[in-house]
Amino acid sequence: MRHFLTLKDLTAEELQTLVERAIELKRMHKAGEIYQPLKNKVLAMIFEKSSTRTRVSFESAMIQFGGGSIFLSPNDTQLGRGEPVEDSARVISSMADMVMIRTFEHAKIETFAQYSSVPVINALTDDYHPCQLLADMQTYVEHRGSIKGKTVTWVGDGNNMCHSYINAAQQFGFKLNIATPKGYEPNSDIVNNAQAEVALFTDTASAVKGSDLVVTDVWASMGQEEEQRKRELAFADFQVNKQIMSLANDDALFMHCLPAHRDEEVTADVIDGKQSVVWDEAENRLHAQKALLEFLFLN
Ligand code: CP
Ligand code: NVA
């Protein structure tokens, strides 16, 4: 049995195959082909934070695959009333065929996985968002071909998305420049583990030069809402705008996992402009996670 808590849970070869499979599943879906490898299977989805894309993509994936999903939130389950994670994991995994979790502490999903008898998927923790990276890698490949040997620049917060980009740089073989304000760098253990691929910057312009892909995310993630004002000041020089994009390669793409705050971390002319592939990126959550579900169920 395999879990998907970070991109490191799969080999580089398996991830490559997954991206190719996602592209094929997308083609099949667009052609109207019915493919139901998960008939009668159940995905339990635990959401302790809000979601649009993740919920719709996993639910749609399970319906299209012939199975079903159950939405569980702390508000209306015993999870929110303090039932131990270990007990919840044993019970939920005894009835569902796979469990997807969006939560705060990464340690919680690790504990859940330890006590689960079925595969567990990380649908975002404070530290990682690996499902988003599957979609991002698929999107890059569809638009530009292999990302191996390319340069990607991450602009903004050294957050969960940034950490998953570091993992992706190692697994997919690209160079990753990371521009953050001082004090908002990614976790140093994760960076130190990826010294061959990652370079840290405190200046967006230097980081973005020669990039094939520019990526950013909100300045305040879920759970950091009360820091919004403080972060707006700290991140003022870390906006992706036309001028920053003009320093990247001419054919550079722009990505953002969404939801976005226009004219904060990215200007409207960039996210709604020609280099932006954010709508394909969002749609690919569906196709990439179908490839992941198929992989985890059938392995
Ligand atoms: N990108 C992403 O995970 O979006 P949601 O929060 O809407 O699921
Ligand atoms: N970094 C963001 C990503 C949302 C999909 C957050 O954690 O809120």
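Counting convention: from 1, in listed order, for ligands and their atoms alike. No experiment lies behind these values; they were computed from the predicted model shown. All residue numbers refer to positions in the sequence shown, counting from 1.
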Give yes if a backbone or side-chain nitrogen or oxygen of [X] is under 3.5 Å from a nitrogen or oxygen of ligand 2, and no if not.
X	value
Pro259	no
Arg102	no
Asp217	yes
Lys49	no

(request) If you have a sec, work out which protein heavy atom is nearest atom 7 (O) of ligand 2 and how many Å separate them, to one decimal? (result) Asn160 ND2, 2.8 Å
(message) Which residue and atom name correspond to the protein heavy atom nearest atom 8 (O) of ligand 2, and how close is it?
(response) Met222 N, 2.8 Å
Assess whether a salt bridge exists between [X] and [Y], defined as any Lys/Arg side-chain N lying under 4.0 Å from an Asp/Glu carboxylate O.
X	Y	value
Glu225	Arg231	no
Arg53	Glu283	no
Arg90	Glu86	no

(message) Tell me whether the NZ or CZ atom of Lys148 lies within the 45° cone about the ring axis of Phe174 and under 6.0 Å from its centre.
(response) no
(message) Just to verify, what does Arg81 make a side chain to side chain contact (heavy atoms under 4.5 Å, CB included) with, not counting sequence neighbours?
(response) Gln78
(request) Decide side-chain hydrogen bond (donor to acceptor under 3.5 Å, both in side chains) for Gln114 and Glu110; before the verdict, give the C-alpha distance in whole Å, the side-chain angles of both, and the deciding distance to 0.1 Å. (result) CA-CA 6 Å; Gln114 199 184 328; Glu110 289 179 332; over 6 Å; no
Validation: residues 33-41 side-chain donor-acceptor distances under 3.5 Å, sequence neighbours left out:
unit_1	atom_1	unit_2	atom_2	d
Tyr35	OH	Arg21	NH2	3.4
Tyr35	OH	Glu294	OE2	2.4
Gln36	OE1	Lys39	NZ	2.9

(message) I'd like the residue list for ligand 1, meaning every protein residue with a non-hydrogen atom under 4.0 Å from the ligand.
(response) Ser51, Thr52, Arg53, Thr54, Arg102, His129, Gln132, Cys257, Leu258, Arg285
(request) Taking only heavy atoms of Asn159 into account, list the atoms of ligand 2 that are under 4.0 Å away from them. (result) 1 (N)
(request) Could you please spell out the steps behind the side-chain hydrogen bond (donor to acceptor under 3.5 Å, both in side chains) verdict for Asn159 and Gln224? (result) CA-CA 11 Å; Asn159 63 12; Gln224 299 172 331; over 6 Å; no
(request) Specify side chain, backbone, both or neither for Leu258, according to which of its non-hydrogen atoms lie closer than 4.0 Å to ligand 2. (result) backbone
(request) Quick one: look at Leu124 and ligand 2, take heavy-atom pairs under 4.0 Å, and tell me if it's side chain, backbone, both or neither. (result) side chain
(message) Hydrophobic clusters here meaning ILVMFWY residues chained together by side-chain heavy-atom distances under 4.5 Å, can you tell me if Met62 and Val42 are in one?
(response) no
Output side-chain donor-acceptor pairs under 3.5 Å for residues 194-204, partner residues at least two apart or in another chain, one line each.
unit_1	atom_1	unit_2	atom_2	d
Asp203	OD2	Ser206	N	3.1
Asp203	OD2	Ser206	OG	2.1
Thr204	OG1	Asp237	O	3.1

